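Below: the structure, in structure tokens.
Note that the structure is a prediction, hence the values are computed from the model and not measured. Both backbone and side-chain heavy atoms feed into the values below; hydrogens, waters and symmetry mates do not. Proteins come first, then strands; the chains are lettered A, B, ... in the order of their sequence lines, and each starts at number 1.
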There are 2 protein chains.
Amino acid sequence: MVSLAGGLPAVEHFPSQAYGEIVRELLCDPESMQYVPSCGELKERIVEVMRRRGVECGADEILVTTGAQQALDVAVQGVLNPGGSVAVERFAYAGFREVLAPHAPRLVTLPSGLDDGLDVEALERCLLAGARPSLVYVIPDAHNPLGVSLPRQARERLVVLAHDYDFVILEDDPYGLLCCDGEFEPPLAALDSERVVYAGTFSKILAPALRLGWLRLPASLVETFAAVKEIGDLECSRLSVLAVVRLLRDLDLERHLELLRGTYRRRRNAMLEALAAHLPAGCAFTEPGGGMFVWVELREGVDGERLLQRTLTERQVAFVPAAAFADGADRSAPGNAARLSFSRLEPEALREAVADFAACI
Amino acid sequence: MVSLAGGLPAVEHFPSQAYGEIVRELLCDPESMQYVPSCGELKERIVEVMRRRGVECGADEILVTTGAQQALDVAVQGVLNPGGSVAVERFAYAGFREVLAPHAPRLVTLPSGLDDGLDVEALERCLLAGARPSLVYVIPDAHNPLGVSLPRQARERLVVLAHDYDFVILEDDPYGLLCCDGEFEPPLAALDSERVVYAGTFSKILAPALRLGWLRLPASLVETFAAVKEIGDLECSRLSVLAVVRLLRDLDLERHLELLRGTYRRRRNAMLEALAAHLPAGCAFTEPGGGMFVWVELREGVDGERLLQRTLTERQVAFVPAAAFADGADRSAPGNAARLSFSRLEPEALREAVADFAACI
């Protein structure tokens, strides 16, 4: 089986040996395994990561979470009131839809362009027509599943709308430091600190098993959100917190990111070239500036889920069909699309897998 | 400052060096830092821990969680419906009250005896009078904060009531393997597998920074509860899961538990002797069979929170006053009590701290 399905980071770049040495050293002091992590120094390191991303903020605006998934869950619990409404793109990270589900909010479903992502003008039309979401969810760069990034103008307009219509933007930015070509635009959190709740993670730039992410939010809200986090799992691992602080001190993060970007650039290029070479007429695909995913719109009449059955049985190739990212109740979401991940495989394997995928269409 | 406040385990018994070596070895394979922990082998080890506790169950009845706090949160989300009612003792683990808060359930508040804990007869009277909790929360052994354990008869009666009145028992058992004198009675989960959702943790028997706990619940519910866990933080750390499996394979758990029990026995004895020697007339205290806490009822007219101010300023001794464990809205909960922890300090330090505490009364 060759998988273009999961969003698994490139394992060969995990700083695993360095981390192993650090953990062993830290555990010479058994207090490293005790309760009560002190997150102060980690927050300072996160502030530096945010600065690299173009966001100036203070350590008192950071809440450390158990990965970005907890960050999203805490943000939704902290912002959404019963009966509230949430605006989400037609196709969006499935883990965010799951976070919403227990709250059963009214959904404002927004279209996205294959060139520039979330259609902010469509959001504005919904607002003019009376929609009043309390939360708008956006993945500004290397969108999951679309791979697209939001142009600067759209980011600026979104922030203005948040003020005009009194909503909070939940900015999910797992891939923002993984730009293949230069740098992404600064995130919305760089444009506004009142209306934007930003979620970041070490899973994609260091390693997922650390289970460490963060929220950047107005300092006045940190305590309230921290209480929500505490309900969920009490605290992050003291050992992980200490070890990541040490890792970020020892590691040349700039060089490490360059390494990641180079690897993902080669893989993305291989996938895009293979798609251009092999996809039949009538298909289209996005050209991500980074991250892990390409979105393929299949030609009309080709159903993503049926195609998956075929690629699995005939070519042993896996991918994720569009339906996995859509609201189950949204019958208008077209099913003739697929998310392909380029993060895990070497260029040669990617080319073969894409050729197999295309042959099944 | 000398603290009798927190429930911090004895740090000198954390298997930190062994764990450090294991982590370093595991990280020779960077896949250990990837997403997607495979919890199968850990579940088998948890089944063995449960057997040691007197519970026979299958690996398919175990859900691995990010500590016991997540186990409680997942259980409440999985069981409690909107508008539902929950029965809780007048004094109970504050972290559980926090889990309940967002659901705003109707509370059935139950008294507890200083000898045998939760007053099951009082629960039965509430049920006869028409109360219909969907969930009853109980810490059967070495209760937090009371230190007491539930007699066998009360456990059996509670299970019968759960069937008769159609409620789920959420059994919180962090200290069940830390009996100072022989063994505790088997938990309620040993008596019933349909109505009892059992929460366990490695925090007290290995170390808190592992952030690993579990639920034992009917196999038919595992998938539903797993979805709730996934919303909260996606998954547990693959590295922690792999490392704890290896640790439990290498460690002689029986001997390790004997070590812990011996340490806590000496500390408990020192605290009880000091309380008997120093407490003024009119006070009473529980005699825990294990765990970490003794509950002291102060003589009438002594307020726990005012006493804390005094012990802090005059003797630099900290403890947790009763109010921290009561429902904030429950004006009937007496404030003249204190939870003292014996888990962290050596006998000599405990004797001094208790003498200082008693002198302030």
(request) Identify which of A:A68, A:S16, A:P102, A:A207 forms the greatest number of heavy-atom pairs closer than 4.5 Å to chain B. (result) A:S16
(request) Give, as side chain, backbone, both or neither, the part of A:S32 having an atom under 4.5 angstrom from any heavy atom of chain B. (result) backbone
(request) First locate atom CG of B:L215, then atom CG of B:L221, and finally report the distance between them rounded to the nearest 0.5 Å. (result) 10.5 Å
(request) Just give me the residue among A:D29, A:L234, A:L72 that pairs up with chain B most often, heavy atom to heavy atom, under 4.5 Å. (result) A:L234
(request) Could you tell me whether the side chain of A:R344 and the main chain of A:S341 form a donor-acceptor pair under 3.5 Å? (result) no
(message) Counting heavy-atom pairs closer than 4.5 Å to chain A, which one of B:E98, B:Q34, B:R211 comes out on top?
(response) B:Q34
(message) Can you tell me which portion of B:E230 sits under 4.5 Å from chain A's heavy atoms? Options are side chain, backbone, both or neither.
(response) both
(message) Using a 4.5 angstrom heavy-atom cutoff, name the option from B:E31, B:Q77, B:Q70 with the most pairs to chain A.
(response) B:E31
(message) For the backbone of B:A209 and the side chain of A:S237, can you confirm whether one donor and one acceptor N or O come within less than 3.5 Å of each other?
(response) yes
(message) I need the residue from A:K204, A:Q17, A:E12 with the largest number of non-hydrogen atom pairs under 4.5 Å to chain B.
(response) A:K204
(message) Using 30° and 60° as the class boundaries, would you call the ring planes of B:Y264 and B:F342 parallel, tilted or perpendicular?
(response) perpendicular
(message) I need the A:L242 CG to A:E41 CD distance, nearest 0.5 Å.
(response) 8.5 Å
(request) For each of B:E235, B:H13, B:R238, B:E25, tally heavy-atom pairs with chain A at distances under 4.5 Å, and name the one with the top tally. (result) B:E235
(request) Count the heavy-atom pairs under 4.5 Å between each of A:G67, A:P9, A:G95 and chain B, then report the option with the highest count. (result) A:P9
(request) Give, for atom CG of B:L42 and atom CD1 of B:I62, the distance between the pair rounded to the nearest 0.5 Å. (result) 9.5 Å
(message) With a 4.5 Å cut-off on side-chain heavy atoms, are A:V245 and A:R249 touching?
(response) yes
(request) Measure A:R97 against the heavy atoms of chain B and call it side chain, backbone, both or neither at under 4.5 Å. (result) neither
(request) Give, as side chain, backbone, both or neither, the part of B:P37 having an atom under 4.5 angstrom from any heavy atom of chain A. (result) neither
(request) Nearest 0.5 Å please: distance from the CZ atom of A:F14 over to the CD1 atom of A:I205. (result) 12.0 Å
